[in-house]
Amino acid sequence: MKNFALIHRVSGIALALFLPLHFWALGQALQGEAKLESFLRWTDQPLVKASEWAIVLLLSIHLTGGVRILMIEFLPWRDWQKTLAAIVAASALAIGLLFALSSTAHAQAWPQKPVKFIVPFPPGGATDISARLLGQKLTDIWGQTVVIENRGGAGGGVGAAEAARAAPDGYTLFFPSGSVVTANQHIYAKLNYDPEKDFVPVTTVVSGPQVLTVPADSPYKTVAELIASGHAHPGKLTFGHAGIGSQTHLAAENFVYQAKLDAVAVPYQGEGPGLAASVGGQTHFFVGNLAASIGHIKGGRLRALGVTSKTETPQLPGVPPIANTVTGFENVGWFGIVAPRGTPKAIIDKVAADTKKALEDGGLREKLFAQGLAPVGNTPDDMGRAMKAETELWKVVVRERRISVK
Amino acid sequence: MNAKAQTCLWVAQRASAMILALCVLVHLGTMIYAVRGGLSAAEILGRTKGSVAWLAFYGLFVLAIAVHVPIGLRAVFGEWLKWKGISRELVLILFSTGILICGLRAVSAVFQ
């Protein structure tokens, strides 16, 4: 009995020291407009995690002793009550430990081995480059190698299906371009993965606008002139793209839809061939990624009419947003991380937080800027909301433009 | 301190202990549900924001701590450090007020 009282008292003193500090720090973390981000940063600190562990353990011990003391004081002390007190005390301890383990164990233990990013396109493309650049930084942060595995084919469907079937343990993550998880379900009649049921959002890594270009000798000098010509001659304008369902295809279709044009899509085997055909005057316009298009624009082979972002992009000063002509138009491509459904929340939050940390690196930002990409590093919730909105947009565009692969 | 005041403190200590035992179990259960159920910090804060029930629950939790802790420390100071008298009571009242302010500030931030 004396031991119980002593343990109760010692754990009480420790709690009396910890709790005010815990309350004060929690109150500090939750102040201001950005309380969520501040709270997440706070909970991610090793000292806070250690303090949570300590408080839970101390509470369990203190509660065990306290319950026993109350039982003895308020009830006649008999055998069955001893047993009951022990059961209550043991349960309290078990619940406390379970909580401590459940909230921190996954994130603290992970990663213990290399982490695989499945990229659903061949090496060398913008998705692959983004994944490799981020993978190098995360390797430094985690102390475990990030392995990039390219699984191209079926508009990203091959890699997506493999990622969807992977064990949800955090060691296999999927690194798609946006269209693979927001548009393919509307384009493909049969898909061997379900973007909404098979994956959960982690973080958008980078985003970048596209640029609407015409051949250098094209008569169209502005977006308005191109649209006017399209309206005057329905069905005559043609545009190239990198393949059905690709970001260049969807960006162009979105432009055509929102500008109320009737234009003909011409698919090519990738963005390079599509742009080359545009340079050669085989199509009237092309909506391409900045990295692939800038060389042609600066070389005088293509004329940039507008960018798909709402504001001018620093890589192409002087090129106006298409939104100046087509009110409200915006089309931003992105690459990000999603995880097989069932991946522990603690791991998802850790990947998102560490990606954000990696994207703060100046060297990485410069390399991404050279690719026409801007770092994002948003939260899983923000990414989920953006994906949902984009899925709805593509549903409408794909239906109205009758885009499909049987 | 007279016998009546001692009794009041004893009752307050036991009553707050019973409230705390319940509060701790509810809090741990909620946390396990939130973490195991995959609720993110944003979702948790989204649910607590504007919830009068959560405000009342955590307000009571903090109040019970602010009552329970100083009474426990009072006994420790008296028995182990032989510290008694008005200085002890003043320090403990200040300590209790500090816990109350810090705790209610955190609760209010979760609510707003």
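A note on names: the letters A, B, ... follow the listed sequences, proteins ahead of strands, and every chain is numbered from 1.
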_Atom group of B/L73 that falls short of 4.5 Å from chain A, counting heavy atoms_ = side chain
*asked:* Ring of B/W80, cation from A/R9 - is the NZ or CZ under 6.0 Å from the centre and inside 45° of the axis?
replied: yes
_Heavy-atom proximity to chain A below 4.5 Å, by part of B/Q13_ = neither
*Name the member of B/V76, B/L104, B/V69 that forms the most heavy-atom pairs with chain A at distances under 4.5 Å.*
B/V76
*Counting heavy atoms not belonging to A/W142, are there more than 12 under 6.0 Å from its CH2?*
yes
_For A/H8, which atoms come within 4.5 Å of any heavy atom of chain B: side chain, backbone, both, or neither?_
neither
*Is any NZ, NE, NH1 or NH2 atom of the basic residue among B/E89 and B/R74 found under 4.0 Å from an Asp or Glu carboxylate oxygen of the other?*
yes
*Least distance between heavy atoms, A/T391 atom then A/V181 atom*: OG1-O, 4.3 Å
